[in-house]
There are 2 protein chains.
Amino acid sequence: MEYQLNFRVNNNIYIRDPESSELGKEIVRKAIELIYEIGYEHFTFKKLATEVGTTEASIYRYFKNKHFLLVYILNWYWSYLEFLVMFQLKNINDPQLKIRKVIELLTRELPTDSGRIKYNISFLNQIVITESSKVYLVKEIKEINQAEVFKQFKDLCNTISTIVLELNPQYPYPHSLSSTLIETSHNQQFFSSNLKRLTDVKTNEDVSGYVAAYLEDLVFRVLK
Amino acid sequence: MEYQLNFRVNNNIYIRDPESSELGKEIVRKAIELIYEIGYEHFTFKKLATEVGTTEASIYRYFKNKHFLLVYILNWYWSYLEFLVMFQLKNINDPQLKIRKVIELLTRELPTDSGRIKYNISFLNQIVITESSKVYLVKEIKEINQAEVFKQFKDLCNTISTIVLELNPQYPYPHSLSSTLIETSHNQQFFSSNLKRLTDVKTNEDVSGYVAAYLEDLVFRVLK
DNA sequence: CTTAAATGATAGTAACACTATTATAGTAAA
DNA sequence: TTTACTATAATAGTGTTACTATCATTTAAG
C-alpha cells in the first residue's frame, strides 16, 4: 500500500489538515456538493458554513480562502487519479493499452473501489471539468506555483509523458502532449455537453465515450 | 470591405453599444489595460471608473456586469481574428499553408495593420490566453449560450474545421480538432510561460514560436 | 482534575456589485 | 428660442462577500 503516500495533498494548501478532523472532512465533502450545485463563483464560505452546520470562522481555520479550498479538492482528485493510473497500469506492458487506460481514466468517471474514497466522485468529476483551470489562470500564478501547489498535476503529466515516450521515443513534445490530453479531456467534455457545435458529437451520443474516442484517435495518429 | 460586418459584436452582450460614443470606447480601451494589469478577478467597475474618469453608474449603462464586458472584449478579439483568417487566407490555395497561417495567427501576436484597431493588441492577446475560458466555464452557460454570445467563437471554429477537411476530407473530428487547436494555443502559451514543466519548452526559448511548432507538428501528424 | 486545543457564537470592517435619484450639460426638434 | 430629450456626473444607499477579531464553551489528553 505504498501508493497511499500519494494521496496526501501538499500542506501549503491548507492551514489545518482537513483530514485530521470530522469537521474538516465534512467541510470538504459539503464543499464538493455545493460547488457542484452552484458553481465556484456563487460558492461562498458562508453558504458552506450553513450547509455544514458550522461558522465561517471555523472554515477559515482550515482554508485561507475559497481558492485554496478548490486547490485542495483538485489536488485530491489529481493525486487519486495518479494513484489509479499507477495502480491500473502496473501490470500492463503494452504502451498502446496503457494510453487507452489513461484516456479512459481521463474521460470516464473514476472508479470508487478504494476504501479511502469519501467524496462524491461524480460531482468531483464535474468540478474538475468546469473549475480546474480557474486555479491556475490567475494573476498570482507565480506565488502560488512557488508554494508547490501544482505538484500533483505536474506529476500526473510526467507519468503520462513517460508512457507517450514508450509508444514513440522520438516524439519531441511528450509533456505538452500530456498536458494537452488532460486539458482537452476537460474542455471537450464541457463543449460536448454545453457547446456542441465546437465538437463533432452527435445528438444523444454519450459524451465521455465521444471524447475518449476523439482523444484515442488523436494520440495514436500523433504517436504512430 | 464586406468583412467589416464581421467586426460587429452581438448586441445581446451590451446594454448600449460602446462603439457608439467616446466614453464607450474609452471604457473598453481602459478595461483592456486594467484587466491585463490586475487580472479579471481583481478587476472591478469601480477601479475602471476611476481609470476612465467616470462613475460606476455610467459603466453600468453600457454593460450589465464585468462578465459581459469580458465577453464583449473577447468577442471583439475573436471576430477580428476571424476577419484576419479570412483576409489572409483568401488568396491561398494550399490547405497546408492555410493551416500554418491559422496557427501563426493563433500563437503570434495579431497584426495591427487595420485602421479599425483601437485597442492594445498585445494586452488583448494576454487577456485571451488567461481569461477566455472564464466566460464559458460558468453555471449560467445555457442561458448565456442562448443569447448567442459565443457565435464569433463558433464561427472561427467552423472556419478552421473547413480547412481541416480540405487537408483531410476523411478526418472525423474537424470541429473538435479546431476547438482543441484554439484552446491548446492558449493553454500551452500559458503553461510555457508559467508552468514550464507541463511543456517541453526550453529555457529562454520563444514561447509563441514553441507553441506554433508544437501545434503544427500535432496537426500535420493528425491530418496526414 | 487541569489544561490546551478545537469549535461555536457573535460582531465588525472594507470592498464589491449593484440600484436609484437628482442635477447638469449638450443636442435636436418644435 | 424654447422645449424636450439624452448622456453623463455626482452622490447615496443596500445587500453580499471576504475576511479578522474576540471571547465563551466544549472536548480530549496528560
**Q** What's the CD-P distance between B:Glu26 and D:dT8, to the nearest Å?
**A** 13 Å
**Q** Between atom CG in B:Leu69 and atom P in C:dA17, what is the gap in whole Å?
**A** 12 Å
**Q** Closer than 4.0 angstrom, basic N to acidic O: yes or no for B:Arg108 and B:Glu104?
**A** no
**Q** Along nucleotides 18-30 of chain D, 5' to 3', which nucleotides get a B, which get an S, and which get a -, given that the test is a protein heavy-atom distance under 4.0 Å?
**A** BBBB---------
**Q** In sequence, state the C-alpha distance, the side-chain angles, and the governing distance for A:Leu69 and A:Leu48, and then conclude on side-chain contact (heavy atoms from CB on, under 4.5 Å).
**A** CA-CA 11 Å; A:Leu69 175 46; A:Leu48 178 58; 3.8 Å; yes
**Q** Are B:Tyr214 and A:Tyr173, when compared by the centres of their aromatic rings, separated by less than 6.0 Å?
**A** yes
**Q** Indicate yes or no: does B:Arg29 engage B:Glu26 in a salt bridge with an N to O separation below 4.0 Å.
**A** yes
**Q** If only side-chain N and O atoms of A:Ser20 are considered, is one of them under 4.0 Å from the OP1 or OP2 phosphate oxygen of C:dA6?
**A** no
**Q** Would you mind classifying the nucleic acid contact of B:Tyr62 as base, sugar-phosphate or nothing, using non-hydrogen atoms under 4.0 angstrom?
**A** sugar-phosphate
**Q** In whole angstrom, give the distance that lies between atom CZ of B:Phe63 and atom P of C:dC18.
**A** 14 Å
**Q** On the nucleotide C:dA9, are OP1 or OP2 found under 4.0 Å from the side-chain N or O atoms that A:Thr55 carries?
**A** no
**Q** B:Leu48 has an atom CG; how far is it from atom C1' of C:dA17, in whole Å?
**A** 14 Å
**Q** Measure from NZ on B:Lys46 to P on C:dA15 and round the result to the nearest Å.
**A** 9 Å
**Q** Is A:Thr54 close enough to C:dG8 that one of its side-chain N or O atoms is under 4.0 Å from OP1 or OP2 there?
**A** yes
**Q** Expressed as a whole number of angstroms, how long is the span from B:Ile59:CD1 to D:dA10:P?
**A** 13 Å
**Q** Any chance the rings of B:Tyr136 and A:Phe191 have centres within less than 6.0 Å?
**A** yes
**Q** Nearest whole Å is fine: how far is D:dA7 P from B:Asp17 CG?
**A** 12 Å
**Q** Less than 3.5 Å apart, which donor and acceptor atoms pair up between the side chains of residues 34-41 of chain A and the rest of the protein, not counting sequence neighbours?
**A**
unit_1: A:Tyr40; atom_1: OH; unit_2: A:His67; atom_2: N; d: 3.2
unit_1: A:Glu41; atom_1: OE2; unit_2: A:Lys134; atom_2: NZ; d: 2.8

**Q** Would the B:Tyr72 and B:Trp76 ring centres measure less than 6.0 Å apart?
**A** no
**Q** When the distance from CD1 of B:Ile27 to P of D:dA7 is rounded to whole Å, what number comes out?
**A** 13 Å
